[in-house]
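Some notes on the structure that comes next.
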Amino acid sequence: MEPLRAVKGMNDLLPAEAGRFQAVEAAMRRAFGLAGYGEVRTPVVEEAALFSRSIGEETDVVGKEMYVFPDRHGKSLALRPEGTAGAVRAYVEHGVGGQDPLVRWWYAGPMFRHERPQKGRYRQFHQLGAELFGAAAPEADAELVGLVHELLQRLGLRDVVLQLNSIGDDACRPVYTRSLQEYLRAHAAELCEDCRRRTEKNPLRTLDCKVPGCRAVLAGAPSVQASLCEACRGHFEAVCGHLSALGVPFETNDRLVRGLDYYTRTTFEFLAKGELGSQNTVAAGGRYDKLVEQLGGGAVPAVGFAAGIERLVLALGPPADAAPGPELFVVPLGEPAKRAALGIAQAARRTGLATEIDVRGGSVKSQLRRADRAGAAFVVVLGDQELASGRVKLKQMGTRGKGRPGDEAEVALSELSSSVRAALG
RNA sequence: GUGGAUGUAGCUCAAAGGUAGAGCACCGGACUGUGGCUCCGGGUGUUGUGGGUUCGAAUCCCAUCUUCCACCCCA
């Protein structure tokens, strides 16, 4: 019988790694919670139309990477490929912006894209992100980007570069797109096949093509930043100004366009050097002033971002600390002791002591060896003598405690927990 | 989705057509109620999977899966 395996590109997170995920999420909760962001949890499954309408039918994410399937009634559902669409849907559905459109949310959870897996890229991956609804002002962009920076700082992530761009709004983007398109058509012969296709479908995407010939052509292409309308230029400059004032280092990148159609004005990306190979974008986002309206809500401007938890964990490098072992390890000997031991361990836990019990039993020797390997700070051996006298010996195993390894102290069984706590210092 | 690598014990890796091994880890014992150090003992395995060639396959061939790299794209 061939054993079943996890689906390609979908990974188990064993406790050690789950702990690293938790640490990243805790930093998120802290950094954004302090700024007034509340957690939102939306379903992993949505109607497929939500994503095709928001992210864009023509994008790779929707067009070739989305997990789509009919439910039992034939309705087309999808596993979410990103978090913003669902958050916006929830914002609209619950009318949370009814009284005051300004709402701050963060989220964390699994996302799904059917891509070829690689390091830092998986079919089920995890993102955390935030959305700031209801503010068109550049201060909103700066708050959000500043908080992402803060998050990365809290995580201790060095060697991260923030790139910033503005891709304009309804007023100036179409104008820019047209002039770019004209330019591209004029140089069609020098472009790669993909870029010739992009010229008609999504000209902005040619900007980050990596083919040398295309790069050469694009070097002479009109610049987005130079074609921004007055309002967009002012917004962009204000965002840059705020970030400088915040002490958030960044560089502008005229070529930074994102793969999702809903962005307007600000787009940004945090790139990490090191462990990540070519999947080095660790967080990214931008402003989406039309999306809420597009999904049936009011004219509510918004900014958001998402970060890949796997990529953050990879970028952080090898884990620093192994989980500490239990504070108390209970070693029962003989049947009467086994009957009493579970209750004694539970009583210790109720006082807040991390307490493990050797449920396999065996000789004192083997149980002590297990206690040692579990990294226990103290061990209590429970045999007939101890149960009869109500006195137990508390043994210090490692260096976690006030005494030396091997020290034993006789204490009353009824005061086991307080004795351990006192001995831990 | 395209191209290229990869897979042997829990981990890191040997074994280049002739009975699958080492180190670490793990389990047990010496010490029958006291861990670590030492010594002794134990290989814990469907060589990713399925076929094929061969007297004989971890090794050669085909297929498939996984992971990894580059591309595409993205967090």
Side-chain angles (χ1 to χ4, degrees), chain A residues 1-11 14 24 55 58-66 81-84 108-129 148 192-195 197-198 202 205 208-211 257-260 268-272 276-285 304-315 325 329 331-334 337 358 360 362-386 392-399 404-408:
Chain A
M1 177 76 79
E2 192 173 338
L4 259 29
R5 326 183 36 132
V7 171
K8 178 181 184 149
M10 306 206 181
N11 303 120
L14 303 184
V24 171
I55 300 167
E58 293 302 318
T59 59
D60 282 10
V61 169
V62 169
K64 39 189 257 200
E65 294 167 6
M66 199 157 68
E82 57 99 51
T84 297
M111 307 293 164
F112 303 83
R113 291 182 200 172
H114 192 107
E115 299 183 271
R116 184 89 149 239
Q118 229 173 292
K119 187 192 287 185
R121 168 190 294 168
Y122 309 99
R123 291 187 173 175
Q124 173 175 332
F125 59 105
H126 297 78
Q127 285 188 332
L128 40 78
V148 179
C192 71
E193 202 180 315
D194 282 336
C195 282
R197 184 172 41 76
R198 291 181 186 125
N202 196 346
R205 290 233 59 90
D208 58 8
C209 183
K210 284 162 197 112
V211 177
V257 291
R258 314 232 8 92
L260 316 178
F268 62 90
E269 235 175 61
F270 285 83
L271 306 163
L276 283 169
S278 56
Q279 276 67 50
N280 62 345
T281 301
V282 93
F305 92 99
I309 302 182
E310 284 85 351
R311 289 187 186 178
L312 288 173
V313 168
L314 281 169
F329 194 98
V331 171
L333 297 176
D358 195 326
R360 279 180 295 185
S363 66
V364 199
K365 177 178 189 58
S366 59
Q367 294 199 54
L368 276 180
R369 185 159 49 220
R370 290 173 196 146
D372 184 44
R373 291 188 178 151
F378 288 92
V379 165
V380 62
V381 177
L382 288 176
D384 295 339
Q385 299 161 26
E386 288 81 1
V392 295
K393 279 197 199 121
L394 193 58
K395 176 167 183 168
Q396 175 167 335
M397 296 299 279
T399 51
R404 276 175 295 180
D407 283 359
E408 288 193 50

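Residue numbers start from 1 in every chain, and the chains themselves are labelled A, B, ... in the order their sequence lines are given, proteins ahead of strands. Keep in mind that this is a model prediction, so the values were computed, not measured.
The separation between A:Asn280 atom CG and B:rA70 atom C1' is 14 Å, rounded to whole Å. Per the geometry, CG belonging to A:Asp372 stands 12 Å off C1' belonging to B:rC37, to the nearest Å. Atom CG in A:Asp358 sits roughly 13 Å away from atom C1' in B:rU34 (whole-Å rounding). Spacing between atom CZ of A:Arg360 and atom P of B:rC27 amounts to 7 Å, rounded to whole angstrom units. Atom-to-atom, CD of A:Glu115 to P of B:rC71 comes out at 14 Å; the value is rounded to the nearest Å. Spacing between atom CZ of A:Arg113 and atom P of B:rG1 amounts to 17 Å, rounded to whole angstrom units. Rounded to whole Å, atom P of B:rU66 lies 15 Å from atom OH of A:Tyr122. Atom pair A:Phe329:CZ and B:rG35:P shows a separation of 14 Å (rounding to whole Å applied).
Here, B:rA25 and B:rC39 have their P atoms 12 Å apart, quoted to the whole Å. The separation of B:rU44 from B:rC26, taken at their C1' atoms, amounts to 8 Å, rounded to a whole angstrom. Look at the C1' atom in both B:rU47 and B:rG17: the space between them is 15 Å, to the nearest Å. B:rG56 and B:rG18 have their C1' atoms separated by 7 Å, given to the nearest Å. Taking atom P in both B:rA9 and B:rG41, the straight-line distance is 25 Å, to the nearest Å. B:rC72 and B:rC60: their P atoms are spaced 34 Å apart (whole Å). Taking atom P in both B:rG7 and B:rC69, one finds a spacing of 16 Å when rounded to whole Å. B:rU59 and B:rG4: their C1' atoms are spaced 22 Å apart (whole Å).
Among the protein residues, A:Ala283 comes within range of the sugar-phosphate backbone only, with heavy atoms under 4.0 Å from sugar or phosphate atoms but none that close to a base. Counting any heavy atom pair closer than 4.0 Å across all strands shown, A:Pro81 reaches no nucleic acid atom. Contact annotation for A:Val381: base contact, defined as any heavy-atom pair under 4.0 Å involving a base atom. The residue A:Gln385 sits close to a base: some heavy atom pair falls under 4.0 Å. Backbone-only engagement by A:Lys64 is indicated by non-hydrogen atom pairs under 4.0 Å involving sugar-phosphate atoms exclusively. Residue A:Gly362 is classed as having no contact, given no heavy-atom separation below 4.0 Å to the nucleic acid.
Dashed line: the shortest gap from a side-chain N or O of A:Gln118 to OP1 or OP2 of B:rA70 is under 4.0 Å. The phosphate of B:rG28 has OP1 or OP2 within less than 4.0 Å of a side-chain N or O from A:Arg370. Applying the 4.0 Å criterion to OP1 and OP2 of B:rC27, one finds that A:Arg373 has a side-chain N or O inside that range. Remark: A:Lys365 is in phosphate contact with B:rG35, judged by side-chain N or O atoms under 4.0 Å from OP1 or OP2. Put simply, A:Lys119 has no side-chain N or O that comes within less than 4.0 Å of OP1 or OP2 on B:rC68.
Remark: B:rA63 base-pairs with B:rU49; criterion is Watson-Crick or G-U wobble with both hydrogen-bond distances under 3.5 Å. With a cut-off of 3.5 Å on both pairing distances, the Watson-Crick or G-U wobble partner of B:rG1 is B:rC71. When both distances must be under 3.5 Å, the Watson-Crick or G-U wobble mate of B:rU6 does not exist. Of all nucleotides present, only B:rC13 satisfies the Watson-Crick or G-U wobble test against B:rG21, with each distance under 3.5 Å. In this structure, B:rC39 and B:rG29 make a Watson-Crick or G-U wobble pair, each of the two defining distances being under 3.5 angstrom.
Candidate nucleotides B:rU34, B:rC72, B:rG33 were compared by shortest atom distance to the side chain of A:Leu333, and B:rG33 ranks first. Residue A:Arg121 places its side chain closer to B:rC71 than to any other of B:rC71, B:rG33, B:rC69.
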TODO: Give the intermediate values and the outcome of side chain to side chain contact (heavy atoms under 4.5 Å, CB included) for residues A:Arg311 and A:Thr281.
DONE: CA-CA 8 Å; A:Arg311 289 187 186 178; A:Thr281 301; 4.1 Å; yes

TODO: Please lay out, stage by stage, how A:Lys119 and A:Leu314 fare under the test side chain to side chain contact (heavy atoms under 4.5 Å, CB included).
DONE: CA-CA 9 Å; A:Lys119 187 192 287 185; A:Leu314 281 169; 3.8 Å; yes

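For the pair A:Gly120 and A:Met10, both in contact range of RNA chain B, the more 5′-proximal nearest nucleotide belongs to A:Met10. Mapping A:Asn11 and A:Ala306 onto RNA chain B by nearest heavy atom places A:Asn11 closer to the 5' end of the strand.
Below the 3.5 angstrom threshold, one finds no donor paired with an acceptor across the side chain of A:Gln396 and the base of B:rG35. Between the side chain of A:Arg116 and the base of B:rC74 there is no donor-acceptor pair of N/O atoms closer than 3.5 Å. A:Lys8 contributes no side-chain N or O that forms a donor-acceptor pair with the base of B:rU66 under 3.5 Å. For a distance-only test at 3.5 Å, the side chain of A:Arg369 fails to qualify as a donor-acceptor partner of the base of B:rG28.
Distance check: A:Met66 CE to A:His114 NE2 gives 13.5 Å after rounding to the nearest 0.5 Å. From A:Phe125, atom CZ reaches atom CZ of A:Arg113 across 4.0 Å, with rounding to the nearest 0.5 Å.
Applying the side-chain hydrogen bond (donor to acceptor under 3.5 Å, both in side chains) definition to pairs two or more places apart or across chains, those involving residues 364-379 of chain A are A:Asp358-A:Arg370, A:Ser363-A:Ser366.
Contact between A:Ala337 and A:Leu382 at its shortest, heavy atoms only, is CB-O, 3.2 Å. Between A:Ala283 and A:Phe305, the shortest heavy-atom contact is CB-CD1, 4.3 Å.
A donor-acceptor pair is defined here as one N or O able to donate and one able to accept, closer than 3.5 Å; no such pair exists between the side chain of A:Glu310 and the backbone of A:Leu312.
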